[in-house]
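Chain naming here is simple, since letters A, B, ... match the order of the sequence lines and numbering starts at 1 in each. In what follows, every heavy atom counts, from backbone to side chain, and hydrogens, waters and symmetry copies are set aside.
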Number of protein chains: 2
Amino acid sequence: MENIEENGVAKAKRFARLQSLERYSLHSYVFNYIRDAILDGRYKPGDALVETRLAEELGVSRTPIREAIRQLELEGLVISIPNKGVVVNGFSQQDIDDIYTIRSMLEGLAARWAAQRIDQQKLKELEEIVELMGYYTKKNDFEQLTQLDTRFHGVIYEACDSKVLKHLLDNLLRYVEQARRGSLKVPMRACQSLNEHRSIFEAIMKRNAAEAEKFMAKHISSAILNLHSLMGQNEKEN
Amino acid sequence: MENIEENGVAKAKRFARLQSLERYSLHSYVFNYIRDAILDGRYKPGDALVETRLAEELGVSRTPIREAIRQLELEGLVISIPNKGVVVNGFSQQDIDDIYTIRSMLEGLAARWAAQRIDQQKLKELEEIVELMGYYTKKNDFEQLTQLDTRFHGVIYEACDSKVLKHLLDNLLRYVEQARRGSLKVPMRACQSLNEHRSIFEAIMKRNAAEAEKFMAKHISSAILNLHSLMGQNEKEN
DNA sequence: GTCACATTAATTGTATACAATTATACAAAC
DNA sequence: GTTTGTATAATTGTATACAATTAATGTGAC
């Protein structure tokens, strides 16, 4: 009886997944699930990831769980000790700072290349995004602003026309996702951020590669500075 | 009869592996095997990776093969199409150029941080490496030089004391491994490379971060230039 | 009490079995 | 000859079974 019941639950979970997600493979579903859980803090650094528990939790078998874990391991989000298990790794504040420094360089590079290679369509897309940013900044709609920020940078990743650079930046951006979310929720920062985005867009539009790179690097650097001032306020939480 | 025989072969392969390799998990063994095969051209872009064939070839089951493939997928070395299969992706010349550009920035950053943070032991290690480089450059021993080059950069990755940056650079270096191997096999380049390493080492020793960064970035840039002149010579091969 | 050792349980590692999907081959219709 | 449909084979996707390793527990000697 219990077995049948449990099986029914698993089947139901699976069915819901197949409907919602565009029927990707289970391992990618599991990968996204665990990564998000780590990045928004549901799984904390030091937590052990037990395959059977995860399998039950997600209603799948251990095989896709293992595939996902191997990927997370490669990304450095978990640490696997052979025959013992895997634990959540997470990032230290130092790691996040490092990522921002690295991003300021690589995003700068992306902006430089984008200024050289962007096509009219993507240019128009950027323009629209910046306009919308102006709108939502006035409205103080931080959720929309975060999304637009992601899109703005995403379009540039595409426009720089480098598979490798895009791949690197996509990952780096994900890692600091939670830090980034908090960052924009300061009105001052949102306003400053808007101006920075404007400058970057204008430099790209003018095909001024050097300026685009400079502004973008500054933009990322000021993001980390802002993050630090936020940290300073709730220092006791550490 | 055949089954028993085949099983014997697989067992023998496995035994040899357990002896030689320090008894790591199978998936990491498989991962390294396939990655190396792709990077030194045994598996060519477009080749299909069939799980059962790989399993037989390596004398393991499909599970570790799949785990390894998921990792390769994340690294961008293979492309997986659900329910169809995975094909080797490899890197285009443009990708390699991009990687060198990215490396010149990130290695520069690593050198900058290394100049600020390196300890006496690693500093001494660097000094020894540079001395040995001088020795083997005179001897035209390119195999040793390649190894020393890897060690030189490896020490700096360690010395910069950034988990994230080290992780990124380790991967990038692996991707251009085969390109790099050819590059040093030009006497002129070896000599020039030695001088560049010397300058970088001296800047780090003097704790001159800006100079270390500048010299390192130049070093990587000249490596790609050298690579291009090599390409120019055997252009017909494409 | 605690240390050593054996026994059991929990967990990971690997292999295999089965299901689902896609590719291939071949025949019939036009 | 081309196309369409169907049966078959090949391959991937998933789940489960079993082996190996490690952690936990308990028991007896001292």
Return the value, rounded to whole Å, for the distance between atom [atom1] of [X] and atom [atom2] of [N].
{"X": "A/F31", "N": "D/dG13", "atom1": "CZ", "atom2": "C1'", "value": "19 Å"}
{"X": "A/L26", "N": "D/dG13", "atom1": "CG", "atom2": "P", "value": "10 Å"}
{"X": "B/I65", "N": "C/dT14", "atom1": "CD1", "atom2": "P", "value": "11 Å"}

Next on the checklist: Just to verify, what does B/E107 make a salt bridge (charged side-chain N to carboxylate O under 4.0 Å, His left out) with, not counting sequence neighbours?
Outcome noted: B/R103

Checklist outcome for this item: Residues passing the salt bridge (charged side-chain N to carboxylate O under 4.0 Å, His left out) test with A/E128, sequence neighbours excluded, are none

Next on the checklist: Please find the pair of heavy atoms, one from B/A48 and one from B/R53, that lie closest to each other, and give the distance.
Outcome noted: O-NH2, 4.2 Å

Item to check | Closest listed nucleotide, where the reference is the side chain of B/N83 and the choices are D/dA15, D/dG13, D/dT11 | outcome: D/dG13

Item to check | Side-chain donor or acceptor of A/R117 paired with backbone N/O of A/C160 under 3.5 Å | outcome: yes

Item to check | Pairs flagged by ring-ring contact (aromatic ring centres under 6.0 Å, His included) wherever residues 150-169 of chain A is involved - sequence neighbours left out | outcome: A/F152-A/H197, A/H153-A/H197, A/H153-A/H219

Checklist entry - Between B/S61 and C/dA15, does any side-chain N or O lie under 4.0 Å from OP1 or OP2? => result yes

Checklist entry - NA contact type, A/L49, heavy-atom cut-off 4.0 Å: base, sugar-phosphate, or nothing? => result sugar-phosphate

Checklist entry - Roughly how bent is the helix from C/dG1-D/dC30 to C/dC30-D/dG1 end to end, in steps of 10 degrees, with each end axis from five pairs? => result 10°

Dump every N/O contact between nucleotides 23-25 of chain D and the protein below 3.5 Å, one line per pair.
unit_1: D/dA23; atom_1: OP1; unit_2: A/K84; atom_2: NZ; d: 2.8

Checklist entry - Do any of residues 66-81 of chain A sit with a heavy atom less than 4.0 Å from DNA chain C, and if so which? => result A/R66

